[in-house]
There are 2 protein chains.
Amino acid sequence: MVEKQRRRPGETREKLMNAALTLVGKERHFASLGIREVTRQAGVVPTSFYRHFRNMDDLGLQLVDELGLVLRRMMREARANVLQADKLIEESVAIFISHAQANRSFFMFMAQGLAGESRAVQEGIRSEMRFFASELANDLRRLRLVDHLTDQDLDMTADLVVRSVAFSLTDLLGVSPDDDYQIGQIRKRTTRFLQLIFVGAANWKSPG
Amino acid sequence: MVEKQRRRPGETREKLMNAALTLVGKERHFASLGIREVTRQAGVVPTSFYRHFRNMDDLGLQLVDELGLVLRRMMREARANVLQADKLIEESVAIFISHAQANRSFFMFMAQGLAGESRAVQEGIRSEMRFFASELANDLRRLRLVDHLTDQDLDMTADLVVRSVAFSLTDLLGVSPDDDYQIGQIRKRTTRFLQLIFVGAANWKSPG
DNA sequence: CAGCCCTGTGTACATTCGTACACATAAGCG
DNA sequence: CGCTTATGTGTACGAATGTACACAGGGCTG
């Protein structure tokens, strides 16, 4: 009797994933979310959840996949906008921060997941970061800014860069999105971190 | 009628805090722990919880305080054992890893708390890290290894070091405590990160 | 058009949760 | 000794949770 029109396929699934992200965006930790809570936020009946996910961990894994897309978009934009090596670091950090602001919940989920309770999610996020670092290493190789480094040392440098930026996430997500002053401070600090790392790379001599 | 002998004061409180840590050590996330769960693990009736803590966040805050003690102990040991600057980094990293292994649950709690859901716990852990970084900066100043840096740049360097080491935590806590090979890899990688940072610091010229 | 699958709903239930309350015992203190 | 305070236990209950099951309707394929 209740008339339901057919919605776009996968709509509820999206609603559920967005609901989880929304809750994460509201200071809630993903590990503490429940199925009922998420479906409530999504405006859907609890049992609908099982049509798309086996449990919350499963939903988390699918969020990691989407996170990968977000990161790739960010990488593409950075590649397009950072043309000359001059302001490379400043611009990259700025792009990162702007993406982190625009996808706050996603990045919160990422920061949480690094020490989350699902081993699979943890490994998924770690893997995304590794991929990101290896792409960064490729870009650096291509730009020939640090020509004297071995591949291995370049990988290490890229890894350290990605970690430092990722850690800045926890700073960024700890302040209000409107607090431009604090965000500017974080941007400056992150930039200096990366500059310090690159100075290190420029003067690095492989051990042995 | 049930005869209870008086235990050491604060014993139950310790049991509860240890119970929470134990659960965190078992891949559980602190944010997902419940009062009943913790009291069950502690072998105590649920209502006892309220004799010592207002809620789980409160317990978390008190754990942060204890975490401070653990960190201070580690710092003291590092200061005592790292006498000559020669192997400073290697030894410090080794001491860190050994402490992280010995207090695995504590450090897991710390890694989780950085992106946890209680703002107060988050801020507490961040504050411990700031303190740690400032102590490290003092030590570096005292050792006069990086004499040309301004105080501000030295603080930045120490901050980056602490962050890098903290991030290594998530690596470390992701592998089995018995997997000596992987742990060795993490130790080497962390060591090289710090070396890279110090090379950067040694060649750093303050902007402006 | 008939049938099936996919997706969403409603109901149901045992389990778990947080917490309130009353009570018991031991310690400290006058 | 008697009183207060701190700490622990037992019972209780309303609310929330995960999930099982039966059902409904639209879309696709035959």
Side-chain angles (χ1 to χ4, degrees), chain A residues 1-24 26-63 65-66 116-121, chain B residues 1-24 26-63 65-66 116-121:
Chain A
M1 211 51 224
V2 192
E3 41 178 300
K4 291 271 117 78
Q5 44 235 38
R6 201 59 177 159
R7 307 296 193 149
R8 181 171 82 269
E11 186 183 10
T12 300
R13 172 203 179 93
E14 272 182 40
K15 277 202 285 190
L16 288 170
M17 294 176 76
N18 284 332
L21 278 184
T22 301
L23 290 169
V24 164
K26 294 186 189 167
E27 311 281 294
R28 301 282 275 93
H29 196 290
F30 184 80
S32 76
L33 298 184
I35 290 177
R36 285 186 110 102
E37 196 178 2
V38 171
T39 55
R40 201 182 310 128
Q41 170 77 31
V44 159
V45 95
T47 44
S48 265
F49 183 89
Y50 298 100
R51 299 293 182 195
H52 306 278
F53 312 102
R54 295 179 49 252
N55 48 43
M56 283 300 291
D57 276 6
D58 188 18
L59 190 153
L61 278 178
Q62 307 204 26
L63 276 180
D65 290 343
E66 277 209 29
E117 78 179 346
S118 158
R119 185 62 67 113
V121 169
Chain B
M1 210 49 219
V2 191
E3 42 178 299
K4 294 268 119 74
Q5 46 234 38
R6 202 51 177 169
R7 306 295 193 153
R8 180 170 84 268
E11 186 183 9
T12 300
R13 171 201 179 93
E14 272 182 40
K15 276 202 285 193
L16 287 170
M17 294 177 77
N18 284 332
L21 278 183
T22 300
L23 290 170
V24 164
K26 294 186 187 162
E27 310 281 295
R28 303 281 277 89
H29 195 289
F30 184 79
S32 77
L33 299 183
I35 289 177
R36 285 187 110 101
E37 196 177 3
V38 172
T39 55
R40 200 183 310 127
Q41 169 77 30
V44 158
V45 93
T47 44
S48 265
F49 184 89
Y50 297 100
R51 300 293 183 192
H52 305 279
F53 312 101
R54 295 179 51 251
N55 48 43
M56 284 300 290
D57 276 6
D58 189 19
L59 191 154
L61 277 178
Q62 307 204 28
L63 277 180
D65 291 343
E66 276 209 30
E117 80 179 344
S118 157
R119 185 62 68 112
V121 168

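Numbers restart at 1 for each chain; the letters A, B, ... are given by sequence-line order, proteins then strands.
- Between A:Val44 and B:Pro46, the one whose closest nucleotide on DNA chain C sits nearer the 5' end is A:Val44.
- Using a 4.0 Å cut-off, some side-chain N or O of A:Arg40 falls inside it from OP1 or OP2 of D:dT17.
- Closest approach of B:Ala20 to B:Leu59, counting heavy atoms only: CB-CD2, 3.8 Å.
- Rounded to whole Å, atom C1' of C:dG18 lies 16 Å from atom CZ of B:Arg51.
- Rounded to an integer number of Å, the gap from A:Asp57 CG to D:dG18 P is 12 Å.
- Contact record, A:Met17 with A:Phe53: CG-CZ, 3.7 Å, taken as the closest heavy-atom pair.
- Between B:His52 and B:Gln62 the shortest heavy-atom distance is O-NE2, 3.8 Å.
- Proximity of A:Thr12 to the phosphate of C:dG8: a side-chain N or O atom is located under 4.0 Å from OP1 or OP2.
- Here CD of A:Glu14 is found 11.5 Å from CG of A:Leu21. Values are rounded to the nearest 0.5 Å.
- Side-chain N/O atoms of B:His52 include one lying less than 4.0 angstrom from OP1 or OP2 on D:dG8.
- Residue A:Ile35 has its side chain nearest to D:dT19 when only D:dT19, C:dT9, D:dG8 are considered.
- Rounded to an integer number of Å, the gap from A:Arg54 CZ to D:dG18 C1' is 14 Å.
- In terms of heavy atoms, B:Ala19 sits closest to B:Gln41 at CB-CG, 3.5 Å.
- Counting distance only, with no hydrogens placed and no angle test, the side-chain atoms of A:Arg13 and the base atoms of C:dT7 include no donor-acceptor pair under 3.5 Å.
- In the interface, the side chain of B:Thr47 is not paired with the base of D:dG8 through any donor and acceptor atom under 3.5 Å apart.
- Atom CZ of A:Arg36 is separated from atom C1' of D:dT19 by 9 Å (rounded to the nearest Å).
- In this structure, A:Asn55 atom CG and D:dA20 atom P are separated by 12 Å, rounded to whole Å.
- Heavy atoms of B:Phe49 sit nowhere under 4.0 angstrom from any nucleic acid atom.
- Straight-line distance from the OH atom of B:Tyr50 to the C1' atom of C:dT19: 4 Å, rounded to whole Å.
- Across the protein-nucleic acid pair, A:Leu33 atom CG and C:dC17 atom P stand 17 Å apart, rounded to whole Å.
- If you measure from atom CD of A:Glu14 to atom P of C:dG8, you get 11 Å, rounded to the nearest angstrom.
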